[in-house]
Structure formats: C-alpha cells, structure tokens
Amino acid sequence: MPSLLSLYRKILFGRKPGWNQQPLPNIYVQASNVVLSQDKISQYAAVCSFEYDGMTLPPTYLYVWAFRLHAMIFTHKAVTFPLLGMLHLKNSISVLRPVRADETLIVQCELTTSRTTDAGLEFDLVSKVFVGEELVWQALSTYLYRIESAGRRARPPKASEMVWENVQQWRLTDDLGRRYAKASGDYNLIHLHPLLSKRFGFERVLAHGMWSKAQVMSQLMTFVGDRPFQVDVEFKLPVFMPSEVTFAFESIENGKRFEMRDVKGRRPHLQGSITYL
C-alpha cells in the first residue's frame, strides 16, 4: 500500500493547471497481500466509538485502505485539477460479510465514470475488497471538482422531515482531526490544525466526512449485527471543530435512516440510510 503522507505531498503541494474540460479516463489500481494492524484498527475503533472485539473490523474501516488508492488516482497525470478543489459528495458502503482483522486482502479501486453538472465535474470511484476470490466489501464514492459559475447561488441544504426524537448530542474536540489522522493515516492538513486549515481558505478545522459516517455507524451496529448491509450517505454542510452536533435515526422499511445536524437540529451535516441486503 502507498504512503498517504508521500501522496499528500504531491496532492497538496504539487502544481496542477486545472480541469482541462475533458472527461476523465478509466483509471484502475490494485494492492495485493494487504495485512492489517491490530493497533491501528483499535485506534480507529476508539476514535469512531466502535466496540471492537479484536476480530471483526468496523464496517467503515476498509475505506481507510481504499482511500489510499483514491489518492493514487488523484495524483494521476490525467487528473489535471487539484485535490483542494474537490468535495466528497456521497459515499455508499456495502458489507457483504463481516471481515476479520487477520484476513489477507486484495484492495482494488477504479475511476469509472465522470460527468459535467451545473456545479462542475462529478466522478465516481468504485472500491472493492476481496479475500481470495470472494468479494467481501465494496464502496462507491462520488466526488465533485467544483467550478464557480457566474450567477449560480448555492442554496443551503435543508434537514429532512424525519421524526427528530431521542436526539443524541456529540461534542467534537479540536484534537479530533489529529486523532482520526493518526488512526487512519489520512493527514489532510485541513483536518489537523487551524493554522494549517487557514492556509487553504478555512477559518477553522474541518472534521473528516468519513469520521462522521463512521461515528454514525458505530451507533447503529446494534441493529445490523452480522447481517449484510449497505449504508449510503450524502455529505451536506461541513463540520467545524470544536463544535457540537446532534444525531438521530428512525426505522424505515428494511433498515434505518439517520441525520447528523447542527446543535440546534436545523441544518444537516450528513444524511443517510442503512438497508439490509
């Protein structure tokens, strides 16, 4: 597996001219014989509030490894725009069976499609994890390279009409980004320290979107158990730290739906659902 630190040096400090108005090509990368670290899994479980038994991986943990291959694709010469112009819009993870920490993995990632929208260039990365020839986990991530257009005004997202009851309130400390980075290896500077995030145009430190998804999943695993399932999320407003956020869920046919909102419960940071397969 590649080092994210070395890839981030290319991503954050390399010079790319900007989108050349061309659709992206298909790009495929694979890492074989991937062996996981118990220490890193335990750190990840702790920072994302999972109960880890030393055997079964938290369902979002394999995204940590898939993202390393995403970063390889971001540095490909055919991707002519910089990472800091991109947003992670949506993420879907399918857990086809529980994956053990001691299993040797094959991790694949492919840039499959791209399309132009009013907001810019959207593209999809499909990630798959195999044990031998068995597909055990897969994910779809949709990214946007944003193009500011004259006269276009983005409307703030609205919370859904789900019943907002039994609400949990979480306090996000200012060191959360650094603890998640240590566990995941994802040292994106905008998540680490306000002095660093300000260099890239953010007044405060941002929480990792995939930390938010993992934190949500940790609260819902009691309903999932060992069943195969799919969890879909859309990332809405960014989460700044330190801050307080709220979380609630409700039952739907064959699953749950949930939201993470601001402390007043008015604006959504993340919306999603779990479906049992």
Side-chain angles (χ1 to χ4, degrees), residues 1 3-5 8 34-68 70-71 88 91 93 95 97-105 107 127 129 136-137 139 141 167-194 196-197 204-226 229 231 233 235 238-249 256 258-260 263 269-270 272 274:
M1 271 291 190
S3 163
L4 272 179
L5 284 175
Y8 266 128
V34 176
V35 179
L36 307 182
S37 160
Q38 280 285 7
D39 287 344
K40 290 300 182 184
I41 299 168
S42 296
Q43 287 179 24
Y44 178 91
V47 76
C48 300
S49 302
F50 285 104
E51 294 184 7
Y52 176 52
D53 61 5
M55 294 184 294
T56 303
L57 293 180
T60 50
Y61 181 70
L62 289 173
Y63 181 84
V64 166
W65 296 93
F67 184 74
R68 292 171 185 253
H70 291 193
H88 195 176
N91 178 267
I93 290 175
V95 180
R97 70 154 171 85
V99 182
R100 299 195 317 272
D102 62 352
E103 293 186 290
T104 300
L105 311 174
V107 185
S127 306
V129 175
V136 296
W137 184 98
S141 296
V167 178
Q168 299 181 34
Q169 187 165 323
W170 301 333
R171 177 159 183 78
L172 281 58
T173 58
D174 58 3
D175 68 338
L176 174 61
R178 295 188 291 277
R179 290 190 290 118
Y180 183 83
K182 185 177 180 181
S184 67
D186 187 351
Y187 283 89
N188 189 334
L189 299 182
I190 63 174
H191 302 304
L192 300 181
H193 192 279
L196 297 172
S197 61
R204 296 164 63 193
V205 182
L206 279 73
H208 287 76
M210 290 303 295
W211 172 86
S212 298
K213 181 170 184 175
Q215 177 70 18
V216 164
M217 277 306 308
S218 71
Q219 308 303 304
L220 299 173
M221 286 307 295
T222 183
F223 303 106
V224 174
D226 291 335
F229 71 96
V231 52
V233 301
F235 301 106
V239 180
F240 294 103
M241 303 179 294
S243 65
E244 294 184 2
V245 296
T246 52
F247 166 73
F249 64 90
K256 305 285 183 185
F258 51 82
E259 289 191 12
M260 178 191 290
V263 69
H269 294 297
L270 175 150
I274 289 176

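If you read the sequence from its start, that first residue is 1, and numbering goes on from there.
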With sequence neighbours left out, what residues match [X] under salt bridge (charged side-chain N to carboxylate O under 4.0 Å, His left out)?
X: Glu244; value: Arg171
X: Arg179; value: Asp175
X: Asp174; value: none

Can you find a heavy atom in the side chain of [X] that is under 4.5 Å from one in the side chain of [Y]?
X: Phe249; Y: Ile274; value: no
X: Trp211; Y: Val239; value: no
X: Val231; Y: Val224; value: no

[atom2] on [Y] to [atom1] on [X], rounded to 0.5 Å:
X: Met210; Y: Ser184; atom1: CE; atom2: OG; value: 10.5 Å
X: Ser212; Y: Asn91; atom1: OG; atom2: CG; value: 11.5 Å
X: Phe229; Y: Leu220; atom1: CZ; atom2: CG; value: 9.5 Å
X: Phe258; Y: Met217; atom1: CZ; atom2: CE; value: 7.5 Å

For a quick test of reading the model, state the closest non-hydrogen atom pair linking [X] to [Y] and the distance between them.
X: Cys48; Y: Tyr180; value: SG-CE1, 3.9 Å
X: Ala101; Y: Ile41; value: CB-CD1, 3.7 Å
X: Ala139; Y: Ile93; value: CB-CG1, 4.0 Å
X: Gln219; Y: Ser49; value: NE2-CB, 4.1 Å
X: Arg204; Y: Pro242; value: NH2-O, 2.5 Å
X: Pro59; Y: Met221; value: CG-SD, 3.6 Å

Around atom [atom1] of [X], are there more than 12 heavy atoms of other residues, nucleotides or ligands at under 6.0 Å?
X: Gln169; atom1: CD; result: yes
X: Asp102; atom1: CG; result: yes
X: Lys182; atom1: NZ; result: no

Non-neighbouring partners of Asp53 that pass side chain to side chain contact (heavy atoms under 4.5 Å, CB included), sequence neighbours left out: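 For Asp53, the residues satisfying side chain to side chain contact (heavy atoms under 4.5 Å, CB included) (neighbours in sequence not counted) are Met55, Thr56.
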For the pair Phe67 and Ser127, evaluate side chain to side chain contact (heavy atoms under 4.5 Å, CB included) and give the outcome as yes or no after the intermediate values. CA-CA 9 Å; Phe67 184 74; Ser127 306; over 6 Å; no
Non-neighbouring partners of Phe235 that pass ring pair (Phe, Tyr, Trp, His ring centres under 6.0 Å), sequence neighbours left out: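 Expected list: His88.
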For Tyr63, ring pair (Phe, Tyr, Trp, His ring centres under 6.0 Å) partners two or more places apart: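 Counting only residues at least two positions away or on another chain, Tyr63 forms a ring pair (Phe, Tyr, Trp, His ring centres under 6.0 Å) with His70.
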Would you call the rings of Phe247 and Trp170 parallel, tilted or perpendicular if under 30° counts as parallel and over 60° as perpendicular?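 It falls in the parallel class, under 30°.
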Lys213 side-chain N/O to Thr60 backbone N/O, donor-acceptor pair under 3.5 Å: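 Absent.
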Side chain to side chain contact (heavy atoms under 4.5 Å, CB included) between Phe240 and Leu206: does it pass, once the steps are laid out? CA-CA 5 Å; Phe240 294 103; Leu206 279 73; 3.4 Å; yes
Under the side chain to side chain contact (heavy atoms under 4.5 Å, CB included) test against Trp65, which residue among Leu105, Val129, Val34 passes?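 Passing option: Val34.
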Evaluate Val233 against Val216 for side chain to side chain contact (heavy atoms under 4.5 Å, CB included), listing each step before the verdict. CA-CA 10 Å; Val233 301; Val216 164; over 6 Å; no
